Amino acid sequence: MPRKILVTSALPYANGPLHFGHVIEAVQTDIWVRFQKLRGHDCLYVCAEDAHGTPIMIRARQDGITPEQLIAASAQDHARDYAGFLIGFDQFHSTHSDENRRITFDLYERLRKRGSITRRSVRQSYDEQAGMFLPDRFVRGTCPRCNTPDQYGDSCESCGATYSPADLKDAVSTVTGTTPVLRDSDHLFFRLGEYEAMLRDWLATSGLQDSVKAKLAEWFEAGLKDWDISRDAPYFGFEIPDAPGKYFYVWFDAPIGYIGSFAALAAKRGLDFDAYWRSETATELHHFIGKDISYFHTLFWPAVLYGAGLRRPTGVHVHGFLTVDGQKMSKSRGTFITAQRYLQLLPPEPLRYYFAAKLSGGLEDIDLNLEDFTARVNSDVVGKLVNIASRCAPFIERAGGHLAEELPDPALYQQFVEGRERIARLFEARDTAAAIREIMQLADRANQYVDAQKPWVLAKDPARIDEARAIATQAINLFRVLLVYLTPVLPAISATAGGWLGADAFASWDGIDAPLLGRAIGKYPQLATRVDPTIVRQLVATTPAAEAPAPPQATTAKPAAKPASTPRPAATVAAAATPSKDPGMISIDDFAKLDLRAAKVLEASRVEGSDKLLCLKLDLGDHQRQVFSGISASYAPEQLVGRFVVMIANLAPRKMRFGVSEGMVLCASGKADGNDTGVFLLSADAGVLPGMKIS
Ligand SMILES: [Zn+2]
């Protein structure tokens with residue numbers, strides 16, 4: 001039975017660029033949604049810009065534009081970046097929309113009629129010059145406990161004390177720099193405490209993670225307090241209908257934005273609103289969020305929904321924070337990586353794959369280690385998965401372009417298909433790390449099969465080309481099963497492979513019941529290329545402070561990041577061997593004897609009978625060279641065509657078993673954690689032409 005499922009991820013705030021913290025959550029959600037769709041379920045994914053609040057209002061003022069202009073520009077940037085990471089929203093909307101206004105008013109009215117809204121006076125910091133009440137974060141001053149200057153109005157970054165802005169010494173408004181005064185104002189409160197019994201019941205029946213349940217138990221223990229849902233003008237948001245001059249607090253209408261976004265989608269597609277939102281509906285509702293906002297999603301949100309007579313979430317799936325190389329993302333360390341920064345350097349799927357390989361469905365933090373990222377993606381996606389297809393495709397082409405009529409080893413195929421339910425359970429539980437481990441174990445077995453059957457040996461004998469084709473057909477079918485499993489993670493590679501084997505090959509999870517046999521297939525396309533570690537290193541801006549350029553990402557309204565006191569050394573991804581302290585020095589004349597040239601790879605192919613060598617045909621501008629290079633373990637031939645390499649052009653030609661090698665291609669290699677890193681070709685910056693001399 002197909003399930004009806006509505007999925008959301010947290011709404012990005014409209015005053016700054018998307019960064020890796022946003023990306024990992026969107027990728028986790030998108031993988032889950034694509035998995036459900038691939039399984040044939042009716043699954044929708046909605047999100048929106050979180051467009052309200054004081055920071056938006058202040059930022060727009062600083063930029064000399066209206067808040068509407070600010071949030072429109074931000075929405076455009078965010079939508080572009082999500083699309084860049086292949087996030088397949090059914091709807092990306094805004095909390096500053098007609099749908100959201102109507103639904104927010106409606107929910108508020110229902111809560112008010114139920115007696116869940118109360119009003120009382122609140123004393124708060126007020127900036128007389130700006131004529132506005134100040135959120136805690138807009139007041140700074142000296143910590144009352146440890147006397148550290150320049151701390152926020154709610155907590156001290158030095159000693160960890162929490163307090164109210166009125167306790168700060170020398171408090172100033174960050175809006176005008178003047179000293180705030182205290183002023184009273186009436187606020188509206190949501191009576192959360194009334195919902196405790198319902199919330200306890202909900203948490204017992206919903207599929208919350210154990211550590212989230214434990215956190216909720218702590219909050220129950222501390223007592224549920226009324227929640228302040230109003231703010232005074234000036235404020236950018238929705239004015240409260242029965243309280244002129246007062247606005248809904250951004251956190252009240254932000255989660256309602258999930259419903260607003262769905263309403264916009266429902267209008268477009270003619271969906272039944274009640275089937276998704278009425279109380280006790282069987283339609284599932286899943287929220288994916290970071291642990292910093294679980295309070296809002298596991299207490300206020302289900303209580304607001306219930307109080308308004310709507311359904312509660314089926315699941316709230318909480319993930320941990322992202323760290324980079326073991327540390328909190330930091331602008332000063334250059335590890336605050338924006339979505340744009342990444343997309344300017346690399347394609348989306350390596351990062352999608354890496355995040356998937358790290359996410360296990362729990363709340364622990366996820367570390368992006370840049371060396372591990374390069375090694376993992378190159379080894380798994382290129383070296384294992386794509387390798388199965390790329391090394392077998394030529395035998396199909398040589399045999400006429402049709403797959404064989406039957407599999408030589410149907411039992412092996414069946415073993416791959418039988419992994420399906422186990423892998424599905426892992427995807428369902430968001431343990432993509434375990435799913436990928438299972439899939440890569442199968443990929444190893446597929447490669448072992450090809451290694452043992454050696455189709456390249458069979459293919460040497462024209463009379464045995466059909467046997468080679470049968471082996472290749474088996475291997476390509478194993479590859480196809482694996483890529484169906486990975487389609488939620490690698491949708492673009494899957495689509496490209498669909499152009500090769502037929503779009504139907506990757507269209508459904510259960511399609512693997514029938515192997516691909518007898519059909520004509522297209523020309524083998526390039527499915528993935530290795531991630532270049534020199535490019536990966538550019539993700540983190542680690543230039544020494546003295547020559548540091550302007551930070552690559554757009555800055556937000558927050559104060560400029562302090563410069564790093566100790567610049568972090570450049571990451572040592574795939575570092576070459578450390579130079580000896582006592583090298584045998586050479587003179588510049590010795591160096592001049594080497595004729596180093598930039599060369600463009602025109603063709604690259606495997607060398608039959610050698611598992612180490614690739615045969616490269618290189619363009620040196622005025623002539624071409626053939627070079628055999630021992631890089632087969634690190635590069636697939638199709639990754640190399642079109643790229644530049646560095647070669648020694650005046651090395652005496654060497655006759656090898658396979659032909660004459662007319663030079664040498666330069667590579668870096670070394671050890672990391674005691675293991676060989678493999679070899680890395682050196683690349684050239686844009687602008688280099690074939691044959692240019694390197695000096
Ligand atoms: Zn302090």
Side-chain angles (χ1 to χ4, degrees), residues 27 85 324-325 337 342-343 345-358 367-392 432-433 436-437 439-444 446-448 450-451 479 482-483 486 489-490 492-494 496-497 524-540 571-576 601 604 606 611-614 616 629-645 665-683:
V27 165
F85 279 101
V324 176
D325 285 347
I337 309 172
Y342 177 92
L343 290 170
L345 293 169
L346 290 160
E349 285 178 308
L351 192 65
R352 288 178 65 103
Y353 181 84
Y354 187 73
F355 283 159
K358 301 285 278 191
D367 188 47
L368 168 64
N369 176 290
L370 294 175
E371 287 186 40
D372 185 42
F373 165 66
T374 308
R376 185 83 192 249
V377 170
N378 288 344
S379 161
D380 286 7
V381 179
V382 182
K384 292 182 181 178
L385 177 73
V386 170
N387 191 38
I388 305 166
S390 67
R391 63 206 289 220
C392 290
T432 46
I436 280 181
R437 280 197 298 276
I439 296 164
M440 281 302 134
Q441 279 168 15
L442 292 173
D444 286 338
N447 279 302
Q448 284 158 12
V450 178
D451 293 341
F479 162 80
L482 300 178
L483 190 52
L486 284 170
V489 180
L490 305 171
I493 290 178
S494 183
T496 308
Y524 178 73
Q526 177 166 307
L527 292 173
T529 55
R530 289 176 71 85
V531 171
D532 181 344
T534 59
I535 304 281
V536 172
R537 250 172 296 173
Q538 292 173 33
L539 284 173
V540 288
T572 51
V573 183
V601 180
R606 287 183 196 285
D611 53 8
K612 291 202 179 70
L613 294 176
L614 292 183
L616 307 178
S629 182
I631 56 175
S632 175
S634 299
Y635 293 89
E638 67 274 9
Q639 293 171 253
L640 299 174
V641 175
R643 69 162 283 173
F644 276 90
V645 295
V665 168
L666 300 191
C667 293
S669 64
K671 285 189 182 296
D673 300 326
N675 299 317
D676 287 325
T677 55
V679 298
F680 297 91
L681 288 166
L682 305 181
S683 52

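The structure presented is a predicted model; accordingly, all values stated were derived computationally and were not measured. We count residues from 1, following the sequence as given.
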Nearest atoms (heavy-atom pairs only) where Ala433 meets Lys358: CB-C, 4.2 Å

Val450 vs Asn387, side-chain contact (heavy atoms from CB on, under 4.5 Å): CA-CA, chis, key distance, verdict: CA-CA 10 Å; Val450 178; Asn387 191 38; over 6 Å; no

Donor-acceptor pair, side chain of Tyr635 and main chain of Leu681, under 3.5 angstrom: yes

Any Leu370 side-chain heavy atom under 4.5 Å of Leu539 side chain: yes

Phe85 backbone acceptor or donor facing Arg352 side chain under 3.5 Å: yes

Heavy-atom donor-acceptor pair, Glu349 side chain to Ala492 backbone, under 3.5 Å: yes

Expected output: side-chain Asn378 to main-chain Arg530 donor-acceptor under 3.5 Å: no

Check against side-chain contact (heavy atoms from CB on, under 4.5 Å), Leu351 and Phe373: CA-CA 8 Å; Leu351 192 65; Phe373 165 66; 4.1 Å; yes

Non-hydrogen side-chain atoms of Asn447 and Arg391 separated by less than 4.5 Å: yes

Side-chain touch Asp532/Phe680, heavy atoms, less than 4.5 angstrom: no

Side chains of Arg376 and Asn369, donor plus acceptor under 3.5 Å: no

Minimal non-hydrogen separation, Arg606 against Ser390, with atom names: NH2-OG, 4.1 Å

Beyond-backbone contact of Val386 with Gln639, side-chain heavy atoms, under 4.5 angstrom: no

Side chain to side chain, Ile337 and Val540, heavy atoms closer than 4.5 Å: yes

Shortest non-hydrogen separation from Leu483 to Ser494 and the atoms involved: CD2-CA, 3.9 Å

Residues which pass side-chain contact (heavy atoms from CB on, under 4.5 Å) with Ala443, listed by chain and number, not counting sequence neighbours: Lys384, Ile388, Met440, Leu482

Side-chain heavy atoms of Ile631 within contact of Leu640, under 4.5 Å: yes

Considering all heavy atoms, the nearest Tyr342-Pro347 contact: OH-O, 2.7 Å

Value rounded to 0.5 Å, distance of CD in Gln526 from OG1 in Thr496: 9.5 Å

Trace of the side-chain contact (heavy atoms from CB on, under 4.5 Å) decision for Asp372 with Asp367: CA-CA 10 Å; Asp372 185 42; Asp367 188 47; over 6 Å; no

Partner set under side-chain contact (heavy atoms from CB on, under 4.5 Å) for Thr432, not counting sequence neighbours: Ile31, Ala356, Leu359, Phe427

Closest heavy-atom pair and its distance - Leu527, Ile493: O-CG1, 3.4 Å

pair Leu490-Leu385: side-chain heavy atoms closer than 4.5 Å: yes

Test side-chain contact (heavy atoms from CB on, under 4.5 Å) applied to Tyr353 and Ile436, step by step: CA-CA 9 Å; Tyr353 181 84; Ile436 280 181; 3.2 Å; yes

Value rounded to 0.5 Å, distance of CZ in Arg537 from CG in Leu345: 12.5 Å

pair Ser632-Leu614: side-chain heavy atoms closer than 4.5 Å: yes

Any donor-acceptor pair under 3.5 Å from Ser634 side chain to Val679 backbone: yes

